[in-house]
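Right, one structure below, let's go through it.
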Number of protein chains: 2
Amino acid sequence: MSLETEVKSGSSKKQGGDAKNVKGHLKRELLTLKRNRIIEEATILFFDEGYAGTTIEAIADKLQVTKPFIYSYFKNKEAILAAVCETGISEALEVLQSALSTDGTYRDILIQTLWQVGDIVIKRQACVVTYLREIKKLNPKDAARILQKRKEFDHKIAKLIDDGTSAGEFDLGPRAMDAIWIGGLISWLPVWFSAAGKLSKNDVLFGLVSAGLKLIGAAKMSEVEKNNITGQ
Amino acid sequence: MSLETEVKSGSSKKQGGDAKNVKGHLKRELLTLKRNRIIEEATILFFDEGYAGTTIEAIADKLQVTKPFIYSYFKNKEAILAAVCETGISEALEVLQSALSTDGTYRDILIQTLWQVGDIVIKRQACVVTYLREIKKLNPKDAARILQKRKEFDHKIAKLIDDGTSAGEFDLGPRAMDAIWIGGLISWLPVWFSAAGKLSKNDVLFGLVSAGLKLIGAAKMSEVEKNNITGQ
DNA sequence: ATTTAAATATACTATTGAGTATATTTTTTA
DNA sequence: TAAAAAATATACTCAATAGTATATTTAAAT
């Protein structure tokens, strides 16, 4: 509600509009910050206690505000869940896109993609796991929008593998399901990975890339390549 | 409660004990049947609506009984969830054990294992997915018991890979995480697989085995091997 | 300074659903 | 067939919590 008011006043064409806009911008920044902080705390709680196990008051308490405060930023609990779920997949998609724009062979691109997407998926572990766990609780509209992104993600990876295969860089069998399995590796990563475990993040990402390369029949990462990607 | 009574009367050493036992057995069978039917319907509902989204009454309605009926077979809702979660992992573990007792090379054993475990994991899709989704909602005791089985499962697969590697059949890199990724393939399978999709179960199982073989650097399945396992 | 409006909090409603006390029916035993 | 016990159902309690109507404070505009 208040968000929309803000947007409107921001597009008003009065004189002295500059000063107005600066003010408007600060407000919008504050608004965004508050929204993001709510999402952030909700993410942690959803991850730890599950969606059903998290009350709006618990989120409010973490932020030292009250329930209606939350409701002035989100229509209802479902909307918070949708925001949490969307954050993870959106960022993963962004990172995927930037990795895909790496130049080099398709194999190079795949390495970059797996490493960077893996990295973000670990960083956004709580979002991704919450998404995987709670999709069923989203309302159809949100679910459809997020599924759309998810499909785009899968499709882009499938295309990368296809292109690399056409270029003769990858060696796939007939009726290859490699895109699915690689998507599986990525989705599985945040589920089992624990920052508390023995494996370092770099070890895990190296493992992910290695597994991905094996699945499509490409050559192993060399020491040079490994050092390159680790020390960047 | 009534279950325990039954067990006691079954171990009584009166004369005519045979007749008693037969009766006792029938009763126990009925009891087990009812319990299993509750678990069955709960599994479907948990899968479709989530644990929190499923009411005890909904389960009762499906079976055309009433709420207290359910409560006479399960202490509370959590106990039903525990039973649902345990069913999947228990069966997967059983199948794993039988697959591991296949004779042949380690590669043969791995093929058998992936195929059969994949098969059961598809069949028990709803249980497995519910388990992955709702672990957090189990009480610590149930969670610990089920985690135990889960660990046994992972450990057995890790051992198989280790043994095959020692025997020189598999080609792993240093600090190999292959057991984890293979466990990932298996766990990921029921999440994305849809019986409604284009891929047949056999195609998917073949894909799973192929991916597994690639991950540990073993030779592809031959046509003969494929026909062997498909037509059994 | 005064008015207006925006942000935030207090205190409530209303629903849902887990779990249970009690009644009734059915089955078993004697 | 009468008494006892087991299985099942009816009708409730009680707690949790999503969501809201209303009050209060804070900030902005004139």
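Small disclaimer: the values here were computed from a predicted structure and weren't measured.
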Heavy-atom distance under 4.5 Å between the side chains of [X] and [Y], does that happen here?
| X | Y | answer |
| --- | --- | --- |
| B:Glu40 | B:Arg37 | yes |
| A:Ile180 | B:Leu199 | yes |
| A:Val84 | A:Tyr131 | no |

For a quick test of reading the model: is some side-chain N or O of A:Tyr73 closer than 4.0 Å to OP1 or OP2 of C:dA7? no

Between B:Phe69 (CZ) and D:dT10 (P), how many Å, whole number? 14 Å

If you measure from CD1 on A:Ile89 to CD on A:Glu91, what distance do you get to the nearest 0.5 Å? 11.0 Å

Test B:Lys149 against B:Glu152 for salt bridge (charged side-chain N to carboxylate O under 4.0 Å, His left out), laying out the working first. CA-CA 5 Å; B:Lys149 294 198 175 180; B:Glu152 195 183 334; over 6 Å; no

Which side-chain N or O atoms in residues 185-193 of chain B pair as donor and acceptor under 3.5 Å with protein atoms at least two apart or in another chain?
from, atom 1, to, atom 2, distance (Å)
B:Ser187, OG, B:Arg150, NH2, 3.3
B:Ser187, OG, B:Gly183, O, 3.0

Polar atom pairs between nucleotides 16-21 of chain C and protein, under 3.5 Å, N or O only, would you list them?
from, atom 1, to, atom 2, distance (Å)
C:dA18, OP1, B:Lys77, NZ, 3.2
C:dA18, OP2, B:Ile56, N, 3.1
C:dA18, N7, B:Lys67, NZ, 2.9
C:dG19, OP2, B:Tyr71, OH, 2.9
C:dG19, OP2, B:Lys77, N, 3.1
C:dG19, N7, B:Lys67, NZ, 2.9
C:dG19, O6, B:Lys67, NZ, 2.7

Hey, can you pull the residues of residues 59-66 of chain B with a non-hydrogen atom under 4.0 angstrom from DNA chain D? B:Val65, B:Thr66

Geometric cation-pi criterion A:Lys34 and A:Phe69, 6.0 Å radius, 45° cone: no

If you measure from the Lys or Arg side-chain nitrogens to the Asp or Glu carboxylate oxygens, is any gap between A:Asp142 and A:Arg145 under 4.0 Å? yes

